[in-house]
2 protein chains.
Amino acid sequence: MKRPTPPAAAADVPTVFVVDDDEELRLALGNLFGSVGLEVKLFDSAASFLRGVPQDTPGCLVLDVRLPGVSGLEFQGQLARAHAQIPIIFMTGHGDIPMSVQAMKAGAIDFLAKPFRDQDMLDAVTLAIETDRTRRARTQASSDVRDRFETLSPREREVMTLVTRGLMNKQVAGDLGLSEITVKLYRGQAMRKMGAASLADLVRMASLLSLHGDPPK
Amino acid sequence: MKRPTPPAAAADVPTVFVVDDDEELRLALGNLFGSVGLEVKLFDSAASFLRGVPQDTPGCLVLDVRLPGVSGLEFQGQLARAHAQIPIIFMTGHGDIPMSVQAMKAGAIDFLAKPFRDQDMLDAVTLAIETDRTRRARTQASSDVRDRFETLSPREREVMTLVTRGLMNKQVAGDLGLSEITVKLYRGQAMRKMGAASLADLVRMASLLSLHGDPPK
DNA sequence: GTGCGCCCTATACTTTGGTATGGAAGATCG
DNA sequence: CGATCTTCCATACCAAAGTATAGGGCGCAC
């Protein structure tokens with residue numbers, strides 16, 4: 001199994017991660033977010049952020065575009081490639097339009113030019129955290145199902161796939177070269193292991209797992 | 001019924017709609033898009049675009065931010081409110097970062113500062129058209145299902161809802177105060193009218209219709 | 001080897017699902 | 001008023017799904 005079921009029950013209080021090499025601004029942002037009751041962690045570079053945040057804490061990232069080492073935009077790309085889906089809010093002192101557009105295309109929540117108004121930053125962070133919360137809820141729901149699916153034996157998986165496609169037991173049997181009674185057996189086991197109370201449930205799980213195609217977008 | 005089933009078979013050749021008050025640029029863009037085999041229509045204002053494009057032609061909108069009358073950004077908002085989901089590519093000569101960010105947040109495909117490279121514009125348009133094509137395919141698939149769902153009688157709809165939720169016929173009967181045989185009757189009729197070959201199909205249609213909740217995002 | 005899990009089947013039986021046919025009551029519309 | 005639609009039920013019957021019990025063969029790990 002991948003996820004150790006109780007993943008250390010990561011503190012689910014949302015945290016704002018600030019990455020900026022300007023200490024003064026860092027502290028100012030720390031105060032700003034602290035003043036509205038948010039948890040904050042400050043970093044002076046992308047590298048130290050990576051070092052300091054191995055766990056999967058919910059929250060968002062407030063990132064300066066110009067950083068020592070990799071730029072903010074490059075860092076965004078790295079995170080994306082690593083499938084780290086933390087919402088990002090950019091700040092910049094010397095940005096231009098193409099830069100902001102690139103960041104937004106890559107999924108940034110916002111892109112603020114310095115100096116920005118405190119309220120704009122707070123609004124962006126609020127939205128980012130809400131976004132992260134929603135995404136996490138969805139992700140976990142589907143990964144629960146995925147975990148259960150992985151406990152199925154190969155045959156059980158095949159049967160589940162065909163059954164949720166709408167085939168009758170005898171058709172599944174034909175396709176897999178089995179007898180109908182065997183299909184019934186695996187079908188029942190799949191239902192039990194997946195925790196599906198009905199075929200309808202199982203079909204929805206199959207959808208979540210994209211067993212047939214991705215249409216549900 | 002809403003959609004008259006055969007909706008005049010709208011020409012499905014993608015069209016680039018250009019809205020800019022600078023005639024010189026309009027013509028240049030017309031040539032550019034024409035040279036790669038795209039259909040193009042040119043407009044000098046948002047109003048004339050609205051007048052000239054009542055149908056739902058697939059394609060994308062290349063829009064100047066600064067326009068006579070409403071601004072490009074306002075126009076984007078208007079289209080969104082009117083549920084016109086045509087992908088938009090902005091152009092601007094005097095834009096700034098907040099402007100571009102606002103446009104991107106509102107779903108613009110790209111935001112190009114003038115002067116831009118022809119290739120950048122073509123890339124953006126290609127992506128926009130692909131986006132529109134995908135969205136249309138999805139939309140139509142679900143609206144077909146929706147049309148069929150509307151031909152169901154109220155009872156048939158109720159039965160379909162409960163059945164696809166995973167209830168057994170007898171449970172549905174109990175919930176609705178019917179006899180089981182009646183439920184079977186409506187269930188069968190619903191399947192036929194919806195064109196579902198199996199319960200699994202029906203469940204997927206129910207998902208598309210959000211009969212139980214929106215989870216599938 | 002012994003145990004265990006997966007794979008597969010069979011017999012036997014119950015419960016659901018699904019269809020067909022027929023009939024009855026109320027609503028709506030031309 | 002008759003046509004049509006929706007709603008509802010019954011009887012009858014068959015197909016499919018689901019469960020239980022009992023087996024045998026295979027591969028892997030202890």
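Chain identifiers are assigned alphabetically (A, B, ...) following the order of the sequence lines, protein sequences preceding nucleic acid strands; residue numbering begins at 1 within each chain. Only heavy atoms go into these numbers, but all of them, side chains included; no hydrogens, no water, no symmetry mates.
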Please encode protein proximity along nucleotides 16-30 of chain C as a string of B, S and -, counting only heavy-atom distances under 4.0 Å. SBBBB----------
N/O contacts under 3.5 Å, protein versus nucleotides 23-29 of chain D?
none

Does [N] have OP1 or OP2 sitting under 4.0 Å from an N or O in the side chain of [X]?
X      : N     : value
B/S153 : D/dT6 : no
B/Y186 : D/dC8 : yes
A/S179 : C/dC8 : no

Between B/D144 and B/R148, is there a salt bridge with N-O shorter than 4.0 Å?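 A salt bridge is absent here (no side-chain N lies under 4.0 Å from a carboxylate O).
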Salt-bridge contact B/R26-B/D44 (side-chain N to carboxylate O under 4.0 Å):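 Salt bridge absent between B/R26 and B/D44.
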If you only use heavy atoms from C-beta on, which nucleotide in D/dT6, C/dC8, D/dC8 is closest to the side chain of B/L178?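 It is D/dC8.
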For B/K41, look at atom NZ and say whether over 12 heavy atoms of other residues, nucleotides or ligands are found less than 6.0 Å away.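 No, NZ of B/K41 has 12 or fewer neighbouring heavy atoms, counting only those of other groups under 6.0 Å.
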Are more than 12 heavy atoms from other residues, nucleotides or ligands located less than 6.0 Å from atom CD of B/Q119?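 More than 12 heavy atoms, drawn from other residues, nucleotides or ligands, come within 6.0 Å of this atom.
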Using distance alone, with no hydrogens and no angle criterion, decide if A/T134 and A/T131 have a side-chain donor and acceptor under 3.5 Å apart.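 Result is no, nothing qualifies.
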Which atom pairs, one a donor and one an acceptor, fall under 3.5 Å between side chains of residues 172-190 of chain A and the rest of the protein, sequence neighbours left out?
residue, atom, partner, partner atom, Å
A/S179, OG, A/T182, OG1, 2.9
A/R187, NH1, A/N169, OD1, 2.5

Could you pull out the closest heavy-atom pair between A/V203 and B/V203, with the gap in Å?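 Heavy atoms only, the tightest pair is CG1-CG1, 3.7 Å.
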